[in-house]
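Scroll down for the structure; my scribbles are underneath it.
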Amino acid sequence: QVHLVESGGGLVQPGGSLRLSCAASGSLFRLYTMGWYRQAPGKQRDLVATITGGGTTNYTDSVQGRFTISRDNAKKTVYLQMNSLKPGDTAVYYCNLQPSLSRWGQGTQVTVSS
C-alpha cells in the first residue's frame, strides 16, 4: 500500500549541496510523519530529520542548521535539502514513515569527498 522511492544522491565536495527527493504512494500520505534516515557502511541506520503532516520539523544534532526537510503533499513527495555537506554525511539515505515501517527502499547514495 505504501511505496517510497528515493533519488537525488551523488558525489559532492565538502561544503557542497544536494537535494534528495522521496516519491511516495498512498492516499494517506498527507497524514503521516515522514523521516529521512541514513546508514553508513558498517553502521546502524539513524534518523536524520522528520516532518509531520502539518509541517513541523525536527533534526538530529549533527545536521541541525545544514539540512532542511520539507514536503509537498499534492505531489506526495518529501525533500531533504542538504547544505554545507561534510564527509561525515556520507551514507545511503532513505525515507520512511516515522516511526518507520519494516520495509525500506533502495535508498540513494550520498558521498561527500574532496
| task | Find out whether Thr68 and Tyr59 are in side-chain contact, i.e. whether some heavy atom of one side chain is under 4.5 Å from a heavy atom of the other. | result |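 Yes; the side chains approach each other to less than 4.5 Å.
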| request: Compare all side-chain heavy atoms of Phe67 with those of Asp89 and state whether any distance is below 4.5 angstrom. | output: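 Phe67 reaches Asp89 side chain to side chain.
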| request: Start with the C-alpha distance between Gln98 and Tyr37, add both sets of side-chain angles, then the distance that settles side-chain hydrogen bond (donor to acceptor under 3.5 Å, both in side chains), and finish with yes or no. | output: CA-CA 10 Å; Gln98 168 55 219; Tyr37 305 74; 2.8 Å; yes
| said: Take a 6.0 Å sphere around CD of Gln109 and say whether it holds more than 12 heavy atoms from other residues, nucleotides or ligands. | reply: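 Counting neighbours around CD of Gln109, more than 12 heavy atoms of other residues, nucleotides or ligands fall under 6.0 Å, so yes.
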Give a yes or no answer on whether the side chain of [X] reaches the backbone of [Y] with a donor-acceptor pair at less than 3.5 Å.
X: Thr90; Y: Pro87; value: yes
X: Lys76; Y: Gly26; value: yes
X: Thr77; Y: Lys75; value: yes

| query | Is it the case that Arg71 places NZ or CZ above or below the six-membered ring of Phe29, under 6.0 angstrom from the centre and within 45 degrees of the axis? | reply |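 Arg71 over Phe29 ring: yes.
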| Can a donor-acceptor pair be found between the side chains of Tyr93 and Arg38 at a distance below 3.5 Å? |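 Indeed, the side chains of Tyr93 and Arg38 share at least one donor-acceptor pair under 3.5 Å.
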Looking at [atom1] of [X] and [atom2] of [Y], how far apart are the two atoms once the value is rounded to the nearest 0.5 Å?
X: Ile51; Y: Thr57; atom1: CD1; atom2: OG1; result: 6.5 Å
X: Thr52; Y: Leu31; atom1: OG1; atom2: CG; result: 11.0 Å
X: Met34; Y: Thr50; atom1: CE; atom2: OG1; result: 11.0 Å

Distance-only criterion, 3.5 Å: show the donor-acceptor pairs between side-chain atoms of residues 2-20 and protein atoms not counting sequence neighbours.
unit_1 : atom_1 : unit_2 : atom_2 : d
Glu6   : OE1    : Gly107 : N      : 3.1
Glu6   : OE2    : Cys95  : N      : 2.9
Ser17  : OG     : Asn83  : OD1    : 2.9

| Pair Trp104-Arg45, side chain to side chain contact (heavy atoms under 4.5 Å, CB included): steps then yes or no | CA-CA 11 Å; Trp104 297 83; Arg45 182 184 280 120; 3.3 Å; yes
Are [X] and [Y] grouped together when hydrophobic residues (ILVMFWY) are joined by side-chain heavy atoms under 4.5 angstrom apart?
X: Tyr94; Y: Leu85; answer: no
X: Val63; Y: Val78; answer: yes
X: Val92; Y: Leu97; answer: no

| query | Under the side chain to side chain contact (heavy atoms under 4.5 Å, CB included) criterion, do Tyr79 and Ile69 qualify, and how do the steps go? | reply | CA-CA 6 Å; Tyr79 304 96; Ile69 187 172; over 6 Å; no
